[in-house]
**Student:** 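Pasting in a structure now, in structure tokens, and then I'll have a few things to ask.
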Amino acid sequence: MRPLQCVLQAQRRGPLASVSWLLLRTCRARSSVQGTTCPSPERQQENGVRKDFSSRLAAGPTFQHFLRSALDPQEKPDVEDPPPYLTVDELSGRQRKVYLETYGCQMNVNDTEIAWSVLQKSGYLRTRNLQEADVILLVTCSIREKAEQTIWNRLHQLKALKTKRLRSRVPLRIGILGCMAERLKEEILNREKMVDILAGPDAYRDLPRLLAVAESGQQAANVLLSLDETYADVMPVQTSPSATSAFVSIMRGCDNMCSYCIVPFTRGRERSRPVASILEEVRKLSEQGLKEVTLLGQNVNSFRDSSEVQFNNAVSTNLSRGFSTNYKPKQGGLRFAHLLDHVSRVDPEMRIRFTSPHPKDFPDEVLQLIHERDNICKQIHLPAQSGSSRVLEAMRRGYSREAYVELVHHIRESIPGVSLSSDFIAGFCGETEEDHLQTVSLLREVQYNMGFLFAYSMRQKTRAYHRLKDDVPEEVKLRRLEELITVFREEATKANMASVGCTQLVLVEGHSKRSATDLCGRNDGNLKVIFPNVEMEDVSNSGVRIRAQPGDYVLVKITSTSSQTLKGHVLCKTTLKDSSAYC
Ligand code: 5AD
Ligand code: SF4
């Protein structure tokens, strides 16, 4: 049976390789568990074709099998047929314990839950104890060199663990999932022979099969990117029952092609999840008592669900004034404003946030909605990346400094009191001292409440890699980064000072990490608020005094601030609807 499996997989490699990167590498020098040696795929193909072609054909995948796998994920039956070359038993997790470790962005946290949901359905158990794991899966990030270095270091540590288990009844299997698997593909398998499986961001449904192949001592990989995979029907498993907030993935991939960014290459083309399935997930979370939902995607506000037929199919996306795209205008489909409107109506006591947006996609209808709806947080992430129009052009961001600043003013006029945050890159290709000072001046001018600042890291495959020179020395990048961080902190402290004396609505998360007598929560702008855990009045139960619990909304009078945290004292427990009257 084993050689047949190799043949089938080797055959699949040929035609698909020209379309995309489905990599199935099944033959390892140390051979399969049953002791059969596995010749090269090419040799097997030759032998196989000559020998019992018709019997193998009968046992292989049928035309119906391929048709079924081409179905829309929504229409796929809950229980899929196993691939014809693996038995149901081989595909089952058989209670093997999986240890999942997540690196990088919030999208990866969400992907970890998707991967777990797929494996759980397949009969795997989850463990939080590395020592008892049968399978270790790392959900990886490629955005900067440092992120990948962390994974290589981790793999080194895991090597020792795997060697110890070589003679055990169930050998340890190690998998690399996500962006790094997608970016490096077989390079990982060649460099680290101890890695058993690779699964790109669009291949998590395939995990049971990849693990089944790995079970026989072979390496297996699926790094095929999809044009339509959104995992719409895979509900992530809510792992922490006491959680007050959840992330809901609404779209995947990115079409923007900023010149420095690897994301379009690791996560593929932009595609949106159908509105109906997003609303269903938000409703479920509301029924579970969750109080905050963050809509998640690489470009949330470019959302465009074209899964249903619409009458206004000729309408193209409204961009922010002065902004352009690197792609042709997209027409038709349900847009972000529509989604935000419907999501915010699900539960008026549920806070809605979204991340990460692109500044180009903030038409007035989105800003108006954020202003009008009490439960849409007045908080916008507006990644500028640089304050220099020259650098922005080299980055292919589709806007100038002037257009960006104008948008900031327009947002502040449309949503009074809005909290703004941004991402910046220090030391991009060709960035001069003058360009850097322009970024410093943008930080001063906008006075962000939160910031995420990075030193530029050249990534292969990107436009910058092919066309530009990574010519800012490392020490200069780091010095400029330090300067940006200092200025950001100064300005954020000033911006946050404006809240002192104000009463703010805070969603309680739990105990403060630093003090057992304090509680911690988040205000509307997503800043951390710390306050003493004391008894207070419950406004909906007058006369009753209680202590705040995770998931409660409380009013906190702010007494002091830093660049990252606010402190205050709690006034009362309230509801989101009753709390509109505060400064
Ligand atoms: N180097 C440094 N920072 C980067 N980012 C994206 N690509 C790179 C890179 N090559 C930053 C951008 C983006 C954030 C998620 O990561 O600021 O908004
Ligand atoms: Fe990367 Fe630009 Fe897409 Fe953001 S918008 S994921 S920075 S390419």
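As the structure lists them, so they are numbered: ligands from 1, and atoms in each ligand from 1.
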**Student:** Got the closest protein heavy atom to atom 17 (O) of ligand 1, with its distance?
**Tutor:**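 Here the closest protein heavy atom is Q385 OE1, 2.7 Å.
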**Student:** For residues Y404 and E402, is any side-chain donor paired with an opposing acceptor at under 3.5 Å?
**Tutor:**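 The criterion, which ignores hydrogens and geometry beyond distance, is not satisfied for E402 and Y404.
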**Student:** Which residue supplies the protein heavy atom nearest to atom 1 (N) of ligand 1, what is that atom called, and how far is it?
**Tutor:**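 Here the closest protein heavy atom is S457 N, 3.0 Å.
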**Student:** My question is simple, although I want it checked carefully: is atom 4 (Fe) of ligand 2 less than 4.0 angstrom from any protein heavy atom?
**Tutor:**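 Under 4.0 Å from atom 4 (Fe) of ligand 2, zero protein heavy atoms found.
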**Student:** Looking only at protein heavy atoms, which one is nearest to atom 2 (C) of ligand 1, and how far off is it?
**Tutor:**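 Looking only at protein heavy atoms, the one closest to atom 2 (C) of ligand 1 is A455 O, 3.4 Å.
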**Student:** L507 versus R351: any side-chain heavy-atom pair under 4.5 Å?
**Tutor:**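 Of all side-chain heavy-atom pairs linking R351 with L507, at least one is under 4.5 Å.
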**Student:** Using the ring of Y465 (Phe, Tyr or Trp, six-membered ring only), decide whether K461 places NZ or CZ under 6.0 Å from its centre and within 45 degrees of its axis.
**Tutor:**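 No, a cation-pi geometry is absent between K461 and Y465.
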**Student:** Identify the heavy atoms of N326 and R396 that sit nearest to each other, and give their distance.
**Tutor:**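 That would be ND2-O, 3.2 Å.
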**Student:** Please confirm whether D423 comes within less than 3.5 Å of ligand 1 when only nitrogen or oxygen atoms on both sides are compared.
**Tutor:**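 In this structure, D423 places an N or O atom under 3.5 Å from an N or O of ligand 1.
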**Student:** Counting from 1, what ligand 2 atoms have a heavy atom of N299 closer than 4.0 Å?
**Tutor:**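 Going through ligand 2 atom by atom, the ones under 4.0 Å from N299 are 3 (Fe), 5 (S).
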**Student:** Going by distance alone, is a donor N or O of one side chain under 3.5 Å from an acceptor N or O of the other, for T432 and D435?
**Tutor:**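 Judged by distance alone, the side chains do pair up.
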**Student:** So which of R144, M395, Q298 gets nearest to atom 16 (O) of ligand 1, if we judge by its closest heavy atom?
**Tutor:**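 Heavy atom nearest to atom 16 (O) of ligand 1 belongs to R144.
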**Student:** If only side-chain N and O atoms count, and only distance matters, is there a donor-acceptor pair under 3.5 Å linking R353 with Q379?
**Tutor:**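 R353 and Q379 do have a side-chain donor-acceptor pair below 3.5 Å.
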**Student:** Rounded at 0.5 Å granularity, tell me how far CZ in R128 sits from OH in Y99.
**Tutor:**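 The CZ atom of R128 sits 9.0 Å away from the OH atom of Y99.
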**Student:** Quick check on R397 - does any of its heavy atoms sit under 4.0 Å from an atom of ligand 2?
**Tutor:**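 Yes.
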**Student:** Under 4.0 Å from ligand 1, counting heavy atoms only, is it the side chain of M458, its backbone, both or neither?
**Tutor:**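 M458 to ligand 1: no contact under 4.0 Å from either part.
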**Student:** For K330 versus D255, what's the shortest heavy-atom pair and its separation?
**Tutor:**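 Here K330 and D255 meet closest at NZ-OD2, 2.6 Å.
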**Student:** Select one of side chain, backbone, both or neither to describe which atoms of Y456 lie under 4.0 Å from any atom of ligand 1, heavy atoms only.
**Tutor:**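 Both of them.
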**Student:** Tell me yes or no: between the side chains of S421 and H381, is some donor less than 3.5 Å from an acceptor?
**Tutor:**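 Judged by distance alone, the side chains do pair up.
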**Student:** Would you say the side chain of Q504 lies within less than 4.5 Å of the side chain of S499, judging by non-hydrogen atoms?
**Tutor:**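 Sidechains of Q504 and S499: in contact.
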**Student:** Need the ligand 1 atom indices (1-based, order shown) with element for anything under 4.0 Å from a heavy-atom of R459.
**Tutor:**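 Answer for ligand 1: 10 (N).
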**Student:** Going by distance alone, is a donor N or O of one side chain under 3.5 Å from an acceptor N or O of the other, for D361 and S302?
**Tutor:**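 Result is yes, a qualifying pair exists.
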**Student:** If you leave out waters, which protein N, O or S atoms are less than 2.8 Å from atom 1 (Fe) of ligand 2?
**Tutor:**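 Less than 2.8 Å away from atom 1 (Fe) of ligand 2 sit C261 SG.
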**Student:** With a 4.0 Å heavy-atom cut-off (strictly under), which part of I143 contacts ligand 1: side chain, backbone, both or neither?
**Tutor:**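 The part of I143 near ligand 1 is both the backbone and the side chain.
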**Student:** Fit a plane to each ring of Y399 and F323, take the angle between them on a 0 to 90° scale, and name the class: parallel (under 30°), tilted (30 to 60°) or perpendicular (over 60°).
**Tutor:**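 Ring orientation of Y399 relative to F323: tilted.
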**Student:** Looking only at distance, does Y260 have an N or O less than 3.5 Å from an N or O of ligand 1?
**Tutor:**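 So ligand 1 has an N or O lying under 3.5 Å from an N or O of Y260.
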**Student:** Check whether more than 12 heavy atoms from other residues, nucleotides or ligands sit under 6.0 Å from atom CZ of R269, and answer yes or no.
**Tutor:**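 Count not over threshold, so no.
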**Student:** Can a non-hydrogen atom of S356 be found less than 4.0 Å from any atom of ligand 1?
**Tutor:**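 In this structure, S356 fails to qualify as a contact of ligand 1 - no heavy atom is under 4.0 Å.
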